There are 2 protein chains.
Amino acid sequence: MKTDKQDAPVNLLDVAREAGVSRATASLVLRNSPLVAAATRERVQQVMQRLGYIYNRGAANLRQNRTNTIGLVLSNISNPFFSTLTAGVEEANDASEIVCFIADSAESPERQARQIQRLREHNIDGLILCPAVGSDERVIADLDRLGLPFVQVLREIPGCARDYVTVDYAAGIDEAMAHLVTAGRRRIVFIGNFSTHSAARARLEGFNRAAARLGLPSLPVIAGGRDNRYDEAALDEILASSEPPEAAICYNDIIALAVMGHLRRRAIGVGSDFSVIGMDDLSSASASYPALTTIATMPHRVGEAAARLLQKRISRPAKRSEQLVITPRLIVRESA
Amino acid sequence: MKTDKQDAPVNLLDVAREAGVSRATASLVLRNSPLVAAATRERVQQVMQRLGYIYNRGAANLRQNRTNTIGLVLSNISNPFFSTLTAGVEEANDASEIVCFIADSAESPERQARQIQRLREHNIDGLILCPAVGSDERVIADLDRLGLPFVQVLREIPGCARDYVTVDYAAGIDEAMAHLVTAGRRRIVFIGNFSTHSAARARLEGFNRAAARLGLPSLPVIAGGRDNRYDEAALDEILASSEPPEAAICYNDIIALAVMGHLRRRAIGVGSDFSVIGMDDLSSASASYPALTTIATMPHRVGEAAARLLQKRISRPAKRSEQLVITPRLIVRESA
DNA sequence: TTCCGCTTTTGGATCGATCTAAATTGATAC
DNA sequence: GTATCAATTTAGATCGATCCAAAAGCGGAA
């Protein structure tokens, strides 16, 4: 009776002995090899059950070159957008028996480097990375040197052309702008993000191109700050100008909700006098008042796609790199 | 020149050979042992640097009985509350060089069991668990059988008296009720959650006790549904009754925001005619209109505390179990 | 020179699985 | 009775670190 608590964990050799086979055979049973005879398999499995055997994947990993673990390094895990993305990754992983380390770079390239190093020591098979603001090609060079497969999500380190899952922000903004113009709005401002990572750039460029194509007057961009703040003074200034804007497209929903509050305090009717469109479709967007019209960027789907792409990359390290672009959708509610 | 790409990763033996010492000495350098002479340490470290050596923690783990990994199994990772909690766990871990597996039980005890089993195979040192609805003492029994240290967060499997970090919901609700009564509200309803886990029970009981103590009339509880829905029809019914409520305390902010929308559609002035108080203080609470008064449950702090408690438990498996209770704080805004 | 004690270094076993190549078994054919 | 062949099983090396007990180096005292 070796079903003790923990003094001596049951290992494969114990199982083999008890079942009267060799360690090698027991190992084959573990891996569902077709080599073992049905009767033997049955017997070994019963012994495993009886002894309460627990597979030690760590030991197996030492011998194989896969661990069935991946890393997910995000720039800010407390952002609801990223948590939904994480849930998507999780879902894809759960199906393939992969577990996921999570790490938060908190937008610090140094911390990000530390996290990646640490994960690497744990022999992750691959990495899903949303690069911290300020990351440069050295990150990619490091990953290459380590031979670590990776997929970038949402943001891309410029000029590296690797596996990448993103959202077609420009298309979403096009749709939003078209919607606003149809509703008769022409003076539209963009309220931005503090940084210049690829996602921020794509949104702003998408905005500028759409404005140009639609022949809209060009207004100054309202700058954003850290932690989803924006330049309130600049917004006030432009609102007080002789030709104030009639609508805003915001970098994301968090900013859009704040902008709505700001307009309300200035007694500007959101939805009537002024339209506001956000981006992401967080759950709080539908619960706001007025309910926020927003560009749904479907983080769950992004996460799933990234996890699957990473799995492909891991199994075929030499395959051509792939860029997946999720098409967002405008969700029209009351704010525009 | 062994600085190749990946064909043959550099291991400790390579380093030792190159530095002209034994594998054992190199290992001591790795662990900063005071046994090695300063000159030797220096030399070995330089060789490690030069060869681009990467520590293989997996190999070390096989020999030691620690992996410096923990598991975090949550009931719903896309909930912003839990993502902030995760950030707290991360922060405490980062400081102690621990990495964290994340898993989402999605409120399914079966899936939860599978996740725990999987993490166990990866030899995690411990587990932070927010038990899925419907989990029973078998989960605890399993963990005990595996000798796996764990800490429960926010919810507790009844009658197990183990390490546990939670929030004093009753105290928060007391404060909220006192605030309402001071403002002259007496007919207060509770709008609940669908389930009966310990956190849901604590909130409801806290509400009932406070109502009794303050001598308030007792109104029927509005039931909640899955995914933070609630029984809208029941709310309408009670609003239409002869003595309608003047305030609501909601299970959480997500429900509170939805309730505010509902009241608005019924032309009931939130903050003026009717007070609404939520719980958690999600970032969307301050951005809502009217800004939501809420009981801040400080998930970041809960996460940090849980991670630290787990570390204590891991280093001293036999120590007395500890229950940590975070005291919430009422954040008064416009909705009440 | 020998011996002691201290600091530093080391060989070899070990953790628990997988991998490889070879051995065993049993059935069938000659 | 022996050879052939496929289906099963196995011994032993291996992954890359840590642990232990023992060895080596070395300065000073007897």
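Nothing here was measured: the structure is a model prediction, and the numbers come from that model.
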Minimum-distance nucleotide to [X] side chain [options: [options]]:
| X | options | result |
| --- | --- | --- |
| A:S27 | D:dT9, C:dT18, C:dG16 | C:dT18 |
| A:L30 | C:dT18, C:dG11, D:dA17 | C:dT18 |
| A:R23 | D:dT9, C:dC15, C:dA17 | C:dA17 |
| B:V36 | D:dT10, C:dT9, C:dT18 | C:dT9 |
| B:Y55 | D:dT10, C:dT9, D:dA17 | D:dA17 |
| A:L12 | D:dC15, D:dT10, C:dT18 | C:dT18 |

Rounding to a whole Å, what distance do you find between [X]:[atom1] and [N]:[atom2]?
| X | N | atom1 | atom2 | result |
| --- | --- | --- | --- | --- |
| A:L35 | C:dT18 | CG | P | 14 Å |
| B:H122 | C:dA17 | NE2 | P | 14 Å |
| B:L13 | C:dG12 | CG | P | 13 Å |
| A:N56 | C:dT14 | CG | C1' | 14 Å |
| B:R43 | C:dT8 | CZ | P | 13 Å |
| A:Q64 | D:dG16 | CD | P | 13 Å |
| B:Y53 | D:dG16 | OH | C1' | 8 Å |
| B:R120 | C:dG16 | CZ | P | 11 Å |

Taking A:R114 for the side chain and A:P109 for the main chain, is one N or O donor matched with an acceptor at less than 3.5 Å?
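A pair under 3.5 Å: no.
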Taking B:D104's backbone N and O only, do any of them form a donor-acceptor pair with B:R111's side chain (distance below 3.5 Å, no angle check)?
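Checking the backbone N and O of B:D104 against the side chain of B:R111, a donor-acceptor pair under 3.5 Å is found.
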On the nucleotide C:dT9, are OP1 or OP2 found under 4.0 Å from the side-chain N or O atoms that B:T40 carries?
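For C:dT9, OP1/OP2 do have a side-chain N/O of B:T40 under 4.0 Å.
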Side-chain N or O of A:S22 less than 4.0 angstrom from OP1 or OP2 on D:dT10?
yes
The residue, B:L28 or B:A59, whose nearest nucleotide of DNA chain C is more 5′ is B:L28
On DNA chain C, nearest-nucleotide positions of A:A24 versus B:R63: which is more 5'?
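Its nucleotide being nearer the 5' end, the pick is B:R63.
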Just by distance, with hydrogens left out, do A:N56 and B:N123 show a side-chain donor and acceptor under 3.5 Å apart?
yes
Report which part of the nucleic acid B:R57 touches: base, sugar-phosphate, or nothing (heavy-atom distance under 4.0 Å, all strands).
nothing
Candidate pair B:K312 and B:E322, rule salt bridge (charged side-chain N to carboxylate O under 4.0 Å, His left out), full reasoning
CA-CA 10 Å; B:K312 273 207 264 178; B:E322 207 170 311; 3.2 Å; yes
Hey, can you tell me if A:F101 and B:F101 have their rings parallel, tilted or perpendicular (30° and 60° cut-offs)?
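The rings of A:F101 and B:F101 lie parallel, inter-plane angle below 30°.
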